[in-house]
There are 2 protein chains.
Amino acid sequence: MTSYLHSTEAYSQSELLSDISPEGQADIFKAGHRNSYNAGEILFHEGDQAFRCYFVQSGRIKVSILHEEGKEAILRYVLPGEFMAAIAVFRGKTYPATASAVGPVSAISWDRTTMITLMHLYPPLAVNMLRVVVDRLDEVQKRYLELSAEQVAQRIARALLRMMKTSGRKTDEGIVIDFRLSRQDLADYTGTTLFSVSRVLSKWEKMGHIKSGRERIVITDAHALVAVTENS
Amino acid sequence: MTSYLHSTEAYSQSELLSDISPEGQADIFKAGHRNSYNAGEILFHEGDQAFRCYFVQSGRIKVSILHEEGKEAILRYVLPGEFMAAIAVFRGKTYPATASAVGPVSAISWDRTTMITLMHLYPPLAVNMLRVVVDRLDEVQKRYLELSAEQVAQRIARALLRMMKTSGRKTDEGIVIDFRLSRQDLADYTGTTLFSVSRVLSKWEKMGHIKSGRERIVITDAHALVAVTENS
DNA sequence: GCCGACTCTTGCGCCAGCGCAAAGAGATCT
DNA sequence: AGATCTCTTTGCGCTGGCGCAAGAGTCGGC
């Protein structure tokens with residue numbers, strides 16, 4: 001069994017904290033508050049004043065933006081060991097997206113003034129922030145290209161592989177994606193509809209590439225999904 | 001007639017240079033090299049080592065990413081007064097996209113070592129960079145949502161209105177988009193095909209919303225386009 | 001002023017993907 | 001255990017948008 005954050009040592013994995021001493025990191029975490037959220041609970045809404053930023057300890061957080069008439073685009077899933085909304089808080093703006101807990105989540109959070117203080121105490125934080133946001137920009141741009149150039153099946157395959165890499169847990173059935181993931185979520189993540197996702201997954205299940213149940217997907221033949229990805 | 005950069009005074013418009021004294025700004029520009037590019041000329045390719053970054057003085061630069069099999073997504077048009085690729089150079093990575101001159105372009109460019117030196121001399125540069133990249137991230141995310149939620153006509157209307165705002169020039173015909181913009185470009189910008197764009201524009205021309213010619217679009221009824229945008 | 005290269009238009013056929021509805025399969029609560 | 005709620009599947013019809021091909025318009029070079 002693989003997991004990403006058993007204890008506090010794993011903090012240093014975060015890209016935001018590189019080049020900061022272990023003591024400094026401990027200091028930073030001590031300045032934050034521990035929070036827990038239930039499945040489905042909303043941490044903040046798009047447009048709210050950005051008062052607090054978060055570090056995810058366990059669970060997954062869904063970050064999405066909404067369009068009029070209910071359409072939702074999932075921008076990313078925040079994994080344990082990652083920061084969220086740090087930049088919005090630093091800049092003192094509103095949150096650019098909505099964050100909600102996928103399952104039970106525990107996190108550490110800081111308010112704006114604390115964060116600003118920490119940034120003065122630990123200068124690498126600012127540089128790391130720039131790096132993080134650039135990486136994120138690159139990723140969104142790549143997904144933008146995929147959305148405009150690829151077909152639904154291709155995009156779904158890519159999404160599953162990505163989730164497998166970041167949240168896969170090996171079982172005897174195959175590699176299970178380790179959080180609640182509905183057809184609707186996958187549709188919102190890939191820019192299609194619940195129905196299309198359902199049809200594609202059903203087909204793949206018959207072909208033996210995956211197994212799936214309610215909000216649960218197991219990848220049994222990752223290689224086949226890669227082939228879908230490459231096949232125009 | 002409106003133009004965005006008649007002389008060097010306009011430099012200070014750039015978001016990257018705010019909180020830097022006029023002398024400092026002059027200093028920064030003196031450290032760069034003046035370059036000229038012909039229409040269609042490529043400044044750099046996606047994947048190249050990022051050696052130089054640019055400040056556009058006049059003309060437009062098209063920033064795009066390529067998908068296998070020729071599909072192209074236009075991420076943005078860089079306008080006079082804007083910086084380009086500053087972050088890629090700062091981070092010492094490869095360019096994440098390809099940049100090409102839309103018409104004749106004049107620009108100022110800096111190499112990596114010069115830039116790093118300047119960043120030490122003028123600390124606000126780093127903070128401004130963070131702000132710029134965050135704004136860009138917000139914009140791509142917004143376009144990602146549009147691409148996944150809206151229809152072709154809506155996206156084209158939005159694109160035209162955006163270009164009208166940033167590059168519109170008032171004439172007696174209406175507001176002309178002041179650079180060469182082909183149907184294919186508009187298609188690559190909105191994630192559709194040349195044909196669909198052509199059909200939509202033809203329709204709008206018949207309805208009197210726009211006038212158009214070869215690589216040239218004049219908006220005669222912006223309000224009607226806004227209506228298309230809002231109308232689901 | 002003619003030629004060649006490029007851009008744009010439009011008709012036609014087609015299909016990927018959407019939307020709906022109705023039924024099935026799991027969860028959860030009492 | 002039964003009731004209820006949510007999530008998922010699947011058939012059916014439809015249509016927005018794609019792809020191609022043929023032709024017309026436009027520009028620039030020689």
Side-chain angles (χ1 to χ4, degrees), chain A residues 38-40 62 67 69-73 100 102-104 146-157 159-160 177 179-207 210-218 228 231-232, chain B residues 38-40 62 67 69-73 100 102-104 146-157 159-160 177 179-207 210-218 228 231-232:
Chain A
N38 298 322
K62 185 172 89 172
H67 197 265
E69 327 299 336
K71 293 235 183 190
E72 175 180 353
S100 61
V102 173
E146 288 168 12
L147 188 55
S148 78
E150 297 181 349
Q151 319 224 76
V152 165
Q154 254 179 107
R155 303 203 303 267
I156 296 175
L160 291 183
I177 292 173
F179 60 95
R180 289 174 156 279
L181 178 70
S182 71
R183 303 293 184 268
Q184 182 67 60
D185 289 333
L186 208 38
D188 292 339
Y189 187 81
T190 55
T192 180
T193 61
L194 186 164
F195 308 104
S196 296
V197 170
S198 179
R199 281 183 259 266
V200 168
L201 293 190
S202 293
K203 193 184 73 179
W204 288 347
E205 184 139 24
K206 277 171 198 139
M207 297 169 74
I210 63 166
K211 290 181 185 184
S212 78
R214 185 195 173 95
E215 296 184 322
R216 183 172 161 283
I217 295 174
V218 185
V228 172
N231 177 0
S232 140
Chain B
N38 298 320
K62 185 172 88 171
H67 197 262
E69 328 301 334
K71 292 237 184 187
E72 176 181 352
S100 61
V102 173
E146 287 167 14
L147 188 55
S148 79
E150 297 181 349
Q151 319 226 80
V152 166
Q154 250 177 109
R155 303 203 302 267
I156 296 176
L160 291 183
I177 293 174
F179 60 94
R180 290 174 153 278
L181 179 69
S182 71
R183 304 292 185 268
Q184 183 67 60
D185 289 334
L186 208 37
D188 292 340
Y189 188 82
T190 55
T192 179
T193 62
L194 186 163
F195 309 104
S196 297
V197 171
S198 179
R199 280 183 258 264
V200 169
L201 293 191
S202 293
K203 194 184 72 180
W204 287 346
E205 185 138 25
K206 277 169 198 139
M207 297 170 75
I210 63 166
K211 289 180 186 184
S212 79
R214 185 194 173 96
E215 295 184 322
R216 182 171 161 284
I217 296 173
V218 185
V228 172
N231 176 1
S232 140

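Because the structure is predicted, anything quoted here is derived from the model rather than measured. As a basis for the values below, the full set of heavy atoms in this structure was taken, side chains included, without hydrogen atoms, waters or symmetry mates. In what follows, chains carry the letters A, B, and so on, assigned in the order in which the sequence lines appear, proteins first and then strands, with residues in each chain numbered from 1.
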Quick one: [X] [atom1] to [N] [atom2], roughly how many Å, whole number?
{"X": "A/Glu150", "N": "C/dG17", "atom1": "CD", "atom2": "P", "result": "11 Å"}
{"X": "A/Phe195", "N": "C/dA23", "atom1": "CZ", "atom2": "P", "result": "15 Å"}
{"X": "A/Leu181", "N": "D/dT8", "atom1": "CG", "atom2": "C1'", "result": "13 Å"}
{"X": "A/Lys211", "N": "D/dT8", "atom1": "NZ", "atom2": "P", "result": "18 Å"}
{"X": "A/Asp185", "N": "D/dT6", "atom1": "CG", "atom2": "P", "result": "15 Å"}
{"X": "A/Asp188", "N": "D/dT8", "atom1": "CG", "atom2": "P", "result": "12 Å"}
{"X": "B/Leu201", "N": "D/dG17", "atom1": "CG", "atom2": "P", "result": "14 Å"}

For this session: Specify the residue among B/Arg183 and A/Thr192 whose closest nucleotide of DNA chain C lies further upstream toward the 5′ end.
Result: B/Arg183

For this session: Assign each of B/Leu194 and A/Arg180 to its nearest nucleotide of DNA chain C by heavy atoms, then name whichever residue's nucleotide is nearer the 5' end.
Result: B/Leu194

For this session: Please confirm whether any donor atom in the side chain of B/Arg214 sits under 3.5 Å from an acceptor in the base of D/dT26, or the reverse.
Result: yes

With respect to the side chain of [X], which nucleotide from [options] is positioned closest?
{"X": "B/Ser212", "options": "D/dG28, D/dT10, C/dT9", "result": "C/dT9"}
{"X": "B/Arg199", "options": "C/dG11, D/dG16, C/dC18", "result": "C/dG11"}
{"X": "A/Ser182", "options": "D/dG17, D/dT8, C/dG17", "result": "D/dT8"}

Exercise. Has the side chain of B/Asp185 got a donor or acceptor atom that lies under 3.5 Å from a matching backbone atom of B/Ser182?
Worked result: yes

Exercise. With distance as the sole test, does B/Arg155 use its side chain to make a donor-acceptor pair with the main-chain N or O of B/Thr190 at under 3.5 Å?
Worked result: yes

Exercise. For C/dT10, does either OP1 or OP2 sit under 4.0 Å from a side-chain N or O belonging to B/Ser198?
Worked result: no

For this session: Ignoring backbone atoms, establish whether A/Gln184 has a side-chain N or O less than 4.0 Å from OP1 or OP2 of D/dC7.
Result: no

Seminar exercise, completed: Rounded to the nearest 0.5 Å, the CD atom of B/Gln151 sits from the CD1 atom of B/Ile156 at a distance of 11.0 Å

For this session: For residues B/Arg183 and B/Ser212, determine if any side-chain heavy atom of one lies less than 4.5 Å from a side-chain heavy atom of the other.
Result: yes

Exercise. Which one of A/Val200, A/Val218, A/Leu201 satisfies the side-chain contact (heavy atoms from CB on, under 4.5 Å) criterion with A/Ile210?
Worked result: A/Leu201

Seminar exercise, completed: DNA chain D nearest-nucleotide lookup for A/Glu215 and B/Arg155: closer to the 5′ end is A/Glu215

